[in-house]
**Student:** 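Have a look at this one before I ask anything.
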Amino acid sequence: MKNLIFFGPPGAGKGTQAKIISEYLNISHLSTGDILRKKLLEKDDLAHELNKIMSSGNLVSDDILNSIVASRLRNEASKGFILDGYPRTLHQSEFLENFLSETSNTINFIFNIEINFEILTRRIIKRSSVESREDDNLEVIETRYNEYINSTQKVSDFYKKKYAHIYHQIDGSSQIEEITKKIKEILKKT
Ligand code: AMP
C-alpha cells in the first residue's frame, strides 16, 4: 500500500500529477480544493462562507479541513491515498501526524513540485479560461501564493527535515509527461 503527499504552490501542477499517479497506483486522490469546490455547490450557509474565503485566496479554517480529511481517510486509507492540497498549515500537519499514528498509517512518498512565481501566474491565467475558477485571477493569485510562502512552505520544510529519505523535489516547470515520468521513476526505485 502506498500513501503519498504532494506539495507545491498553486499552479505547480500538483493536482494534475496527483490525478495521474492515483490512477497509476490505483489509490484514492484526495484533493481538498476539489472537495471544497464540491461543497460550494450545496449553496447553504457553510458554502456561502467557504466561497467568501476561497474566492479571496485565503485558507479555510483548520477545523473544517481536518474533519474533511479525517472522514475521507477513515473510509479510504486502507486502499492507499494521495493528499493533494493538505496539509497546508502546521496545525493541519500535526493533526495528520496524530491521525496517521492512531490509525497505524504512514506516509511513503512526499513530492514537492517547485515552480517560480512567473510561470505559475502564466499557468493559472491559462487555467482560468478552461476551468473558470473564481480564484484564478491575478489579484487572488498573489494572495494564494503568499499563503503558500507564509504557511504551506513551512509545512513542506517540516516534512523535508523529518522525512528526508522519502521527500523528493520535482521541477514543475517541465512538461506534464516529463514530470510524471520522473515521479514514476522515483516510485519504482524505492
Ligand atoms: P486548491 O485547489 O488546492 O488550490 O485549493 C483551492 C482553495 O481551497 C484554497 O485557496 C483554499 O482557500 C482552500 N483550501 C484547499 N485546501 C486547503 C487546506 N488544506 N487548508 C485550507 N484551505 C484549503
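Ligands are counted one by one from 1 in listed order, and the atoms in each one are counted from 1 as well. Everything quoted here is computed from the prediction, not taken from an experiment.
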**Student:** Do the rings of Tyr163 and Tyr159 sit parallel, tilted or perpendicular, given the 30° and 60° boundaries?
**Tutor:** parallel
**Student:** Does Ser93 form a side-chain contact (heavy atoms from CB on, under 4.5 Å) with Arg88? I'd like the steps, not just the answer.
**Tutor:** CA-CA 7 Å; Ser93 63; Arg88 257 169 153 115; over 6 Å; no
**Student:** Is any side-chain heavy atom of Lys154 closer than 4.5 Å to a side-chain heavy atom of Thr89?
**Tutor:** no
**Student:** For Leu41, what are the other residues in its hydrophobic cluster, where any two members join if their side-chain heavy atoms are less than 4.5 angstrom apart?
**Tutor:** none
**Student:** With a 4.0 Å heavy-atom cut-off, what residues sit around ligand 1?
**Tutor:** Thr32, Gly33, Leu36, Arg37, Met54, Asn58, Leu59, Val60, Leu65, Gly85, Tyr86, Arg88, Gln92, Arg133, Asp135, Arg144
**Student:** Quick test of your reading: applying salt bridge (charged side-chain N to carboxylate O under 4.0 Å, His left out), list the pairs with at least one residue in residues 18-28, sequence neighbours left out, ordered by first then second residue.
**Tutor:** Lys19-Glu23
**Student:** Side chains of residues 4-17: which donor-acceptor partners sit under 3.5 Å, not counting sequence neighbours?
**Tutor:**
residue	atom	partner	partner atom	Å
Gln17	OE1	Thr180	N	3.4
Gln17	OE1	Thr180	OG1	2.8
Gln17	NE2	Ile176	O	3.1
Gln17	NE2	Thr180	OG1	3.4

